[in-house]
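Quick note: residue numbers are just sequence positions, from 1. Keep in mind the model is a prediction, meaning the values are calculated, not measured.
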Amino acid sequence: MTAATGDPLREEYAIRASAFVTIPAGTYTIGVNSDDGFQLTIPGVNFTARVNENYSGSTSTASQITYGAARGSADTLGTFTLATALTTT
């Protein structure tokens with residue numbers, strides 16, 4: 001897809017993926033490496049620690065980690081703990 005600038009070398013895209021998963025009880029740290037923004041949502045979890053999150057211009061709920069600004073390739077991390085297994089989409 002050509003960007004609104006009309007430059008055929010510049011592309012903009014978005015991906016939305018979902019899955020039906022069971023996460024066993026335990027503590028997990030999930031990382032996302034992105035060049036510019038992203039938002040990861042895991043229904044039923046509460047991210048208790050967040051590293052390098054920036055949600056300017058976006059919102060981020062307890063079940064999300066978000067980076068909502070331009071940046072070069074970098075990592076954002078979120079940690080959550082489950083007392084019992086969680087089946088979620």
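- Put simply, CZ on F38 and CD1 on I65 are 4.5 Å apart, with the number rounded to the nearest 0.5 Å.
- With hydrogens and angles ignored, the 3.5 Å screen pairs a side-chain donor or acceptor of E53 with a backbone N or O of T66.
- Between N52 and R71, some side-chain heavy-atom pair lies under the 4.5 Å cut-off.
- Under the 4.5 Å side-chain criterion, counting only non-hydrogen atoms from C-beta, L82 is in contact with V45.
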What side-chain donor-acceptor pairs closer than 3.5 Å can you find for residues 15-25, not counting sequence neighbours?
residue, atom, partner, partner atom, Å
T22, OG1, T87, OG1, 3.0

| CA sep, side-chain torsions, deciding dist, call: I42, F47, side chain to side chain contact (heavy atoms under 4.5 Å, CB included) | CA-CA 9 Å; I42 304 176; F47 286 100; 4.0 Å; yes
| message | Run the side chain to side chain contact (heavy atoms under 4.5 Å, CB included) test on T79 and T27 for me, step by step, so that the C-alpha distance in whole Å, both residues' side-chain angles and the decisive distance to 0.1 Å come before the verdict. | response | CA-CA 7 Å; T79 300; T27 298; 3.8 Å; yes
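- Looking at N33 and S73, their side chains come closer than 4.5 Å, going by heavy atoms from C-beta outward.
- Under the rule for a side-chain hydrogen bond (donor to acceptor under 3.5 Å, both in side chains), T48 has no partner lying at least two apart in sequence or in another chain.
- Remark: S63 engages T61 in a side-chain hydrogen bond (donor to acceptor under 3.5 Å, both in side chains) (not counting sequence neighbours).
- The backbone N or O of Q64 sits less than 3.5 Å from a side-chain atom of R50, completing a donor-acceptor pair.
- Under a hydrophobic-cluster definition in which Ile, Leu, Val, Met, Phe, Trp and Tyr are linked whenever side-chain heavy atoms come within less than 4.5 Å, directly or via other members, L40 and Y28 are assigned to the same cluster.
- Each of N46, I30, L86 was checked for a side-chain contact (heavy atoms from CB on, under 4.5 Å) with F80, and the lone residue meeting it is I30.
- Looking at D36 and Y67, their side chains never come closer than 4.5 Å, going by heavy atoms from C-beta outward.
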